[in-house]
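Report on the following structure.
This is a predicted model, so every value here is computed, not measured.
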Amino acid sequence: MAPRVLMVAEKPSIALSVATVLSGGRMSTRRGSTDVHEFDGVFLGHCAQYKVTSVIGHVFSVDFPPKYQNWDVTDPIDLFEAPVLKSEANPKAHISRHLHQEARGCDYIVLWLDCDREGENICYEVIECIGVHESEVGKKIYRARFSSVTEKDILKAMNNLVEPNKDEALAVDARQEIDLKVGVAFTRFQTRYFQGKYGNLDSRVISYGPCQTPTLGFCVQRYLQITTFKPEKFWSLHLYIMKDSYELQLEWERKKIFDFDVAVMFQKMVVNDGTLKVTNVSTTEECKTRPCGLNTVNLLKVASSALGLGPQVAMQVAERLYTQGFISYPRTESTAYPASFDFQGTVEALQYNPALREYVQALLVNGFQKPRMGSDAGDHPPITPMKSASEDMLGNDAWRLYMYICQHFIGSISHDCKYTRTKVEFESGAELFCVVGQHVTCKGFTSIMPWMAVNEKKLPQFLRGERIKMMKVDIYEGNTTPPDYLSESELISLMEKHGIGTDASISVHINNICERNYVQVNAGRRLVPTALGTALIRGYQCIDPDLCLPDIRSFIEQQITLIAKGKVNHAWVVRHALQQFMQKYSYFVKQIERMDALFEAQFSPLADTGRLLSKCGKCTHYMKYISSRPSRLYCVTCEEVYSLPQNGSIKLYKELACPLDGFELLLFSTGGPEGKSFPLCPYCYNSPPFEGIEKLLPGSSAKPGMPCSLCPHPTCRHSLISQGVCACPECGGGGGGTLVLDPVSAPKWKLCCNICNCLVLLPQGAHRISTTGKRCPDCDSAVLEVDFNKKTTPLAGGATLHAGCILCDELLHSLVEMKHGRSMFRRGRGRGRGRRPGGGRGRGGDPKMSFRDF
């Protein structure tokens, strides 16, 4: 019997490319959690049956066990020694089950994950899913290493299978655990402390991250240099001459001085001399060298500074170009091309690009240069184009990024730019001046990369000893200026220099400090810290500067690299790093008043913020609604904070009260015809009152709160029991979502899933639609009563009232439509009052976080 081979790629598009190349396009495809492509071929010299499928990035995410999820019950310091567990990153995709089923009966596994540390980590996630012991690595389990999804690279990888690298996978595990524990511990403490005191912080969470915070620190450091800068006046001599119809301004050797009287003295000395003597004329041959190969950091810097693309967007575009086969793998630290790189084939592929054809054809005729020696990080070759494309094929941003990659590659194998530099030196009144001219003799690579061209400046002929008459000598007055705010490009350079993040994560950390309102991106993609970002960094500097300096993180990254090389034990590195941060956390908590003093000077207390909205069920006084991020309620009398859903509007719901606790109900809405609305009790939302309710709540360490659409109260007319209709067709069943009647959607009536974004549009224009309390005898769905509009009723004889099940009643079923609604995040925590130990919920407002956030 022919051996069966399962091949697993990191993305469905790569699985399709691999299957297409290896099968020659002769394959069948069937649907699964991800597509499965099947064909016959040869493996290790034998006829074999192939199946090619994929994951969708990481199969698992790292988090804490349920007992550590409650913010009130768990002291953040306990998280440093808490266990961690891996759970399926996207449970609805069922990737783990899919891999396990597809691997049954297979004799060999070939892993086509991206060839970096993250890819190695996913290799071992796949191995765990399929249930094969790691001892089978190299016998039954193989690894394909490739840098592009071209036919040549896929075939080469297939003919040179290797073993997955366990050490690199463990390096990722180490970083995940350190970042999760450190980030969540500091974040929980800071968020609860400051959101419980101030109302205008304008951020969902007050987060800390071992990479994120030093990244912010660079921005704030530049900001403080600007705000503390004191301008100082200076003076300089501007001397002008005329020679052979050329008017030239000469450069003063002293540049500038800070004493006006001395500047006047020098001016008089020069003026009294009256002429300039040419003391030296020198001409040298200069060379501007072609670039090395392009790595990720340099790509991100150019994308931001020249193309106006933020690092996160640039990486997303580059990854799309890679999966479509237009460029090689975009995550690499290397700038040196391997000895086996096919320059001829790559250049030939680009001659079909209309924008590059003329230059490329000249290269093919005249020959190209051997590229400069760059650095080989041992990962991937530099980023290079793999095939020709057009703007219509790619779209604006992708085309511009692709064109830069093409230009950089062509420039790296072009001639250097050569030019002559002529410097003429003058003397007058014992003061020295000069003028410099440049003339390009060979444009070289600057023909294809014109933004790097040498600026030419022609000079007239000067002879040594010649006397030149001056036109005028002015005194220029100026002021010293502070540096500008950090640009994204400059920040990336600093992060690379200090070892903050990797080529795979630098863009993520920059994006995080922007999303969390610690910095704002201004014109020129310059990063301006907000009041919150500045207060955080200044607070760390007051308590423990190490928390915002790059040194500790740089050291940890060095240790993680040693794990990847198999030189240190991964458990030892994790333990040592966590011990360091645990000590710093303890000291930070004791000294938090120092940071609080900075917040107190910058932000408004909760009691002075917001507007009166709804009554508190404890004291019956009105609570204040604070609309700035994160939106929340604050009871001044009880001094209690209640988190609310984010990214929508909040208003009072008909002055109705919750039957459990007396709190007035609120109505949350994301607005629009595709938005969602649901009532909620502020107290129940933060403290689910029913035993076992946590099982209904999606999420993990930052589970969303409980709105009425999830409440199992048996008699309340706003609860899931009263308003729920049937299981959601997308995520329902097995603990999934339920379609619930939107109480305020008239006249565009709809059902909304209480878990996912599924919407079901009901008969539009009806006067009233309501649940009846009755169940369908066939499917057990709730029976709805619809009061149709007289003018548009579909009922015979002009009748308007009709009751039925939307699944089984033919009339109602024909009038409903399913679609996706607007994305909505139900977030928040509060004090627990569940009946089971640990059944309560913490207070704060963070969304679900992963190790990548820090």
Side-chain angles (χ1 to χ4, degrees), residues 6-19 21-22 52-59 109-127 137-138 141-173 175-176 293-297 299 315 318-342 346 374-386 405 501-507 560-561 563-566:
L6 173 66
M7 304 207 293
V8 183
E10 188 158 329
K11 304 174 184 71
S13 58
I14 296 178
L16 177 61
S17 297
V18 170
V21 169
L22 297 182
V52 185
T53 187
S54 73
V55 294
I56 310 172
H58 274 279
V59 183
I109 309 294
V110 181
L111 304 170
W112 290 80
L113 288 310
D114 290 348
C115 296
D116 55 13
R117 290 180 190 172
E118 296 289 340
E120 297 301 325
N121 192 262
I122 302 174
C123 279
Y124 283 88
E125 292 179 352
V126 173
I127 291 171
V137 169
I141 302 174
Y142 296 93
R143 172 78 155 106
R145 290 197 166 274
F146 58 103
S147 293
S148 72
V149 288
T150 61
E151 179 177 355
K152 179 181 177 181
D153 265 26
I154 289 172
L155 293 174
K156 181 180 178 182
M158 193 64 187
N159 292 327
N160 296 274
L161 298 177
V162 296
E163 296 181 11
N165 190 316
K166 181 66 172 179
D167 292 325
E168 290 194 352
L170 288 173
V172 174
D173 285 341
R175 183 188 286 113
Q176 287 180 355
L294 180 64
N295 65 9
T296 305
V297 167
L299 176 67
M315 280 312 305
E319 287 172 352
R320 189 163 66 249
L321 289 171
Y322 161 66
T323 57
Q324 292 172 340
F326 291 107
I327 65 172
S328 62
Y329 192 58
R331 298 189 187 275
T332 176
E333 298 179 10
S334 296
T335 57
Y337 294 100
S340 59
F341 190 87
D342 181 12
T346 305
S375 62
D376 183 2
D379 51 357
H380 288 274
I383 305 167
T384 54
M386 302 309 299
I405 293 169
T502 64
D503 56 354
S505 65
I506 282 176
S507 60
I560 287 173
T561 298
I563 295 173
K565 294 180 178 179

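Annotation: side chain to side chain contact (heavy atoms under 4.5 Å, CB included) contacts of Lys11 (sequence neighbours excluded): Ser13, Ile14, Asp114, Thr323. In this structure, Arg117 has no salt bridge (Lys or Arg N to Asp or Glu O under 4.0 Å) partners at least two apart in sequence or on a different chain. The salt bridge (Lys or Arg N to Asp or Glu O under 4.0 Å) check on Arg320 picks up nothing, with sequence neighbours excluded.
When the shell of 6.0 Å around NZ of Lys156 is examined, it contains 12 or fewer heavy atoms from other residues, nucleotides or ligands.
No hydrogens or angles considered: nothing links the side chains of His380 and Glu333 as a donor-acceptor pair under 3.5 Å. No side-chain donor-acceptor contact under 3.5 Å links Asp173 and Tyr124.
Counting all heavy atoms, side chain and backbone alike, Glu125 lies closest to Val59 at OE1-N, 2.8 Å. Shown here for Ile506 and Gly501, the closest heavy-atom pair between the two residues is CG1-C, 4.3 Å. Taking every heavy atom of both residues into account, Asp167 and Asn165 meet most closely at N-OD1, 3.0 Å. When every heavy atom of Cys115 is checked against every heavy atom of Arg143, the shortest pair comes out as CA-NH2, 3.6 Å.
Here Arg145 pairs with Glu120 in a salt bridge; the nearest charged N to carboxylate O distance falls below 4.0 Å.
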Trace of the side-chain contact (heavy atoms from CB on, under 4.5 Å) decision for Arg331 with Thr502: CA-CA 9 Å; Arg331 298 189 187 275; Thr502 64; over 6 Å; no
side-chain contact (heavy atoms from CB on, under 4.5 Å) assessment of His58 paired with Gln176: CA-CA 12 Å; His58 274 279; Gln176 287 180 355; 3.9 Å; yes
Test side-chain contact (heavy atoms from CB on, under 4.5 Å) applied to Thr384 and Tyr337, step by step: CA-CA 10 Å; Thr384 54; Tyr337 294 100; 3.5 Å; yes
Worked verdict on Ile127 versus Leu111 for side-chain contact (heavy atoms from CB on, under 4.5 Å): CA-CA 9 Å; Ile127 291 171; Leu111 304 170; 4.2 Å; yes
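The backbone N or O of Pro382 sits nowhere less than 3.5 Å from a side-chain atom of Thr332 that would complete a donor-acceptor pair. Judged purely by atom type and a 3.5 angstrom limit, Asn121 uses its side chain to pair as donor or acceptor with the backbone of Ala169. Under a 3.5 Å cut-off, the side chain of Thr346 and the backbone N or O of Asp342 do form a donor-acceptor pair. When atom types are taken as modelled, the side chain of Ser147 and the backbone of Tyr329 share no donor-acceptor pair closer than 3.5 angstrom.
From Thr335, atom OG1 reaches atom CD1 of Ile383 across 11.0 Å, with rounding to the nearest 0.5 Å. In this structure, CG in Leu113 is found 5.5 Å from CD1 in Ile122, a value given to the nearest 0.5 Å. The distance from atom OG of Ser148 to atom CD1 of Ile154, rounded to the nearest 0.5 Å, is 7.5 Å. The distance from the OG atom of Ser54 to the CG atom of Leu16 is 10.0 Å, given to the nearest 0.5 Å. Taken to the nearest 0.5 Å, the CE atom of Met315 stands 7.0 Å off from the CG atom of Leu299. Between the CE atom in Met158 and the CZ atom in Phe146 there is a gap of 12.5 Å [rounded to 0.5 Å].
Residues Leu161 and Val110 form a side-chain contact, since some pair of their non-hydrogen atoms from C-beta on lies under 4.5 Å apart. The closest side-chain heavy-atom distance from Leu155 to Val21 is below 4.5 Å.
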